[in-house]
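To start, the structure under review is shown below, and the notes come after it.
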Amino acid sequence: MARARYQGMNIREIAQGGDGVAELPDGRVCFVPGALPGDVVEVELTRDKKRWARARVLELETPSPWRVKPECSYAERGCGGCQFWHVEPAQELRWKAQAAFEAMQRIAGAPLPEPGLHPAPAPRGYRTRVSFHQRRSREGRVELGFFKTESHRVIPVERCAVAIPLLNEVLESWRAPLALLGEAEILVESAGAGEAVISATLTGAEAPTAAALDAIEKRVQEGGALRGLQIEGSRGERWQFGRPEIDADQILARPAAERAMAPGQFRQSNAGVNQQLVTRASELLHEVGARRVLELFCGAGNFSFALDGQVEALHGLEGSREAIADARAMADAAGLETLSFEGADLFDERVYQALEPGAFDAVLLDPPRDGAQAAATWLAAPGHTIRSVVYVACDPACMARDLGTLVGGGWRVEGLEFFDLFPRTRHIETIAWLRR
Ligand SMILES: C[S@@+](CC[C@H](N)C(=O)[O-])C[C@H]1O[C@@H](n2cnc3c(N)ncnc32)[C@H](O)[C@@H]1O
């Protein structure tokens, strides 16, 4: 059956997640990826649901006055890595923040304070860590790049405009040896001054051939900007070459000592905005006089070490064993006794029941995309001494659900700020702070 087409569709706003929003003649809302407020477009429906639809642009009838020529050529070829190359960064942030804020108010079911906005220091060339897909094309070529929008087809990428120049240099010189590994997820990250590491996770069933491993070993020995490389096979096997480790100052906003840390684990991938986030969270905890802080989802201590000297005690909980080992090693190396770290599954409610009820006066949390439902439920209940919460989130919708739980437990959302952690993409980072 032919897909429905509509002409003269006015894009009225950006939805949370970055799509343009229009209204179909029957009143249904229609999400249009790549369209901007002010555009008038002809579209073809790609999904046709009872209450909503999704469509792709067939023709840009009248371009939005906010449209600019994308500085990234892959954006015009449908690269799904970024969504906002065709608008100025300041306007991009305003739209993303507005969409996130409206969704948050709706989901939280409570009025939220007017948000503050923090633009990124650099809207391009900022990513210190980029994940590429390496796939075999229909013709049998191994291609490395990003998925095309709404597809699992790889768009081969020579240079990524949001990556720091070092990562592009390494990618250029390592493309051929990496292709010998076949299908894989390729993570390239900065490791120290002028050096990067690569972690390749093989997605096919085959182990790498001896010839591929030999070629990679020789290439690492030749030297250059790659400090080390590790390969993980589909059955958990691991091969390491050179020195696949990362200087702590690439992972932590304010490391307490010089140390090397494990590659491949979570890290904030925009160093400039990470400094903004850590500074703001520290200020907020200072303003409420937080002395004994429970930090949830602390990673390797990105926020924790910045609080050394400001608080009497901080206890960090985190699920990644490698991150906890790194955080403990850093605290030991710097002789810090006020900071302690422990492994825990923070989606498990029992972890919170086991905490001493009077041990903390503030909570700092920075959960993954799923949010922190178990933590919010525990914080909303009576029986503990916590009076301040600073909540850092990468998913506004899950954060809003948790804020709703907290407000239901008598917490007040005192402030809300958006940070452009990933300029040119649909993502936005949020800090909310609450009192009870
Ligand atoms: C957004 S990151 C924040 C890490 C850290 N605050 C930072 O800035 O580097 C979320 C963290 O949650 C951890 N995590 C994910 N699921 C978890 C779980 N179920 N229990 C505990 N930690 C978890 C991840 O390992 C990751 O370190």
Evaluate the criterion side chain to side chain contact (heavy atoms under 4.5 Å, CB included) for residue pair Leu314 and Phe360; output intermediate values, then yes/no.
-> CA-CA 9 Å; Leu314 178 144; Phe360 304 102; over 6 Å; no
Taking it one step at a time, do Gln250 and Ser190 satisfy side-chain hydrogen bond (donor to acceptor under 3.5 Å, both in side chains)?
-> CA-CA 7 Å; Gln250 303 292 306; Ser190 68; 2.7 Å; yes
After noting the C-alpha distance and the side-chain angles of Trp411 and Thr405, does the key distance pass the side chain to side chain contact (heavy atoms under 4.5 Å, CB included) rule?
-> CA-CA 9 Å; Trp411 287 84; Thr405 304; over 6 Å; no
Derivation and outcome, salt bridge (Lys or Arg N to Asp or Glu O under 4.0 Å), residues Glu429 and Arg280 | CA-CA 13 Å; Glu429 193 83 0; Arg280 192 66 186 122; over 6 Å; no
What do the steps show when you test Asn302 against Ile251 for side chain to side chain contact (heavy atoms under 4.5 Å, CB included), and what is the final call?
-> CA-CA 7 Å; Asn302 179 40; Ile251 296 184; 6.0 Å; no
Would you check, one step at a time, whether the test salt bridge (Lys or Arg N to Asp or Glu O under 4.0 Å) holds for Arg135 with Glu143?
-> CA-CA 5 Å; Arg135 297 287 183 275; Glu143 295 177 333; over 6 Å; no
May I have the step-by-step check of salt bridge (Lys or Arg N to Asp or Glu O under 4.0 Å) for Arg28 and Asp48, ending in yes or no?
-> CA-CA 10 Å; Arg28 282 180 302 160; Asp48 201 347; 2.7 Å; yes
Walk me through it: do Ser199 and Arg238 pass the test side-chain hydrogen bond (donor to acceptor under 3.5 Å, both in side chains)?
-> CA-CA 10 Å; Ser199 308; Arg238 191 172 271 194; over 6 Å; no
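A donor-acceptor pair under 3.5 Å is absent between the side-chain atoms of Arg56 and the main chain of Val32, judged by distance alone. Using modelled atom types, one side-chain atom of Glu189 and one backbone atom of Gly264 make a donor-acceptor pair closer than 3.5 Å. A distance-only check finds a donor-acceptor pair linking the side chain of Glu183 to the backbone of Arg136 [under 3.5 Å]. Side chain of Ser64 to backbone of Pro37: a donor-acceptor contact under 3.5 angstrom is found. Listed for the Gln105 side chain is a donor-acceptor partner under 3.5 Å among the backbone atoms of Leu112. Judged by distance alone, the side chain of Arg175 and the main-chain N or O of Glu158 form a donor-acceptor pair under 3.5 Å. Using modelled atom types, one side-chain atom of Thr149 and one backbone atom of Gly78 make a donor-acceptor pair closer than 3.5 Å. Looking at Asn270, its side chain does come within 3.5 Å of a backbone N or O of Leu421 through a donor-acceptor pair. No side-chain donor-acceptor contact under 3.5 Å links Arg12 to the backbone of Val21. Not one N or O on the side chain of Asp402 forms a donor-acceptor pair closer than 3.5 Å with the backbone of Met399.
No side-chain donor-acceptor contact under 3.5 Å links Arg424 and His86. A side-chain donor from one of Thr279 and Arg254 sits under 3.5 Å from a side-chain acceptor of the other. In this model, a donor atom of one side chain and an acceptor atom of the other lie less than 3.5 Å apart for Arg127 and Ser269. A donor-acceptor pair shorter than 3.5 Å cannot be found between the side chains of Glu295 and His315. A donor and an acceptor atom, one from each side chain of Ser320 and Gln265, are nowhere located under 3.5 Å apart. Under the 3.5 Å distance criterion, with hydrogens and angles disregarded, a donor-acceptor pair is assigned to the side chains of Arg77 and Ser73.
Expressed to the nearest 0.5 Å, how far OH of Tyr126 lies from CZ of Phe422 amounts to 6.5 Å. The line from OG1 of Thr128 to CD1 of Ile164 is 6.0 Å long, rounded to the nearest 0.5 Å. The CG atom of Leu36 sits 8.5 Å away from the CD1 atom of Ile11 when rounded to the nearest 0.5 Å. To the nearest 0.5 Å, atoms CG (Leu277) and CD (Gln268) are separated by 6.0 Å. Atom CG of Asn10 and atom CG of Asp39 lie 9.5 Å apart (nearest 0.5 Å). Rounded to the nearest 0.5 Å, atoms CZ (Phe266) and CZ (Arg129) are 7.5 Å apart.
Ion pairing of Arg426 with Asp19 is absent here, as no side-chain N (NZ or NE/NH1/NH2) approaches a carboxylate O to less than 4.0 Å. A salt bridge links Asp247 with Arg227: the closest approach of a Lys/Arg side-chain nitrogen to an acidic carboxylate oxygen falls below 4.0 angstrom. Remark: Asp420 engages Lys96 in a salt bridge, criterion side-chain N to carboxylate O under 4.0 Å. Ion pairing of Arg54 with Glu150 is present here, as a side-chain N (NZ or NE/NH1/NH2) and a carboxylate O approach within less than 4.0 Å.
Between Leu294 and Leu364, the closest side-chain pair of non-hydrogen atoms is not below 4.5 Å. Within the 4.5 Å cutoff, side-chain heavy atoms of Trp239 are placed close to those of Pro208.
Between Trp378 and His384, the ring planes lie tilted relative to each other; the angle falls in the 30° to 60° range. The aromatic rings of Trp95 and Trp66 stand perpendicular to each other, their planes meeting at an angle above 60°, with 30° marking the opposite boundary. Note: Phe419 and His118 have parallel aromatic rings, judged against thresholds of 30 and 60 degrees for the angle between ring planes.
For Phe146 and Phe132, the ring centers sit closer than 6.0 Å to each other. Aromatic ring centroids of Phe341 and Phe297 lie 6.0 Å or more apart.
Other residues, nucleotides and ligands contribute over 12 non-hydrogen atoms within 6.0 Å of the CD atom of Gln353. Counting heavy-atom neighbours within 6.0 Å of Glu356 CD, excluding the residue itself, gives a total of 12 or less. When the shell of 6.0 Å around CZ of Arg153 is examined, it contains 12 or fewer heavy atoms from other residues, nucleotides or ligands. When the shell of 6.0 Å around CD of Glu206 is examined, it contains 12 or fewer heavy atoms from other residues, nucleotides or ligands. Shown here is Glu283, whose CD atom has more than 12 heavy atoms of other residues, nucleotides or ligands within 6.0 Å.
Nearest approach of Ala257 to Ala248, heavy atoms of both residues: O-CB, 4.2 Å. Summarising the geometry of Ser131 relative to Leu187, their closest heavy-atom pair is OG-CD1, 3.7 Å, with the distance given to 0.1 Å.
Qualifying salt bridge (charged side-chain N to carboxylate O under 4.0 Å, His left out) partners for Glu102, counting only residues two or more places apart in sequence or in other chains: none.
If you run side-chain hydrogen bond (donor to acceptor under 3.5 Å, both in side chains) between Ser388 and each of Glu287, Arg435, Glu414, only Arg435 comes through.
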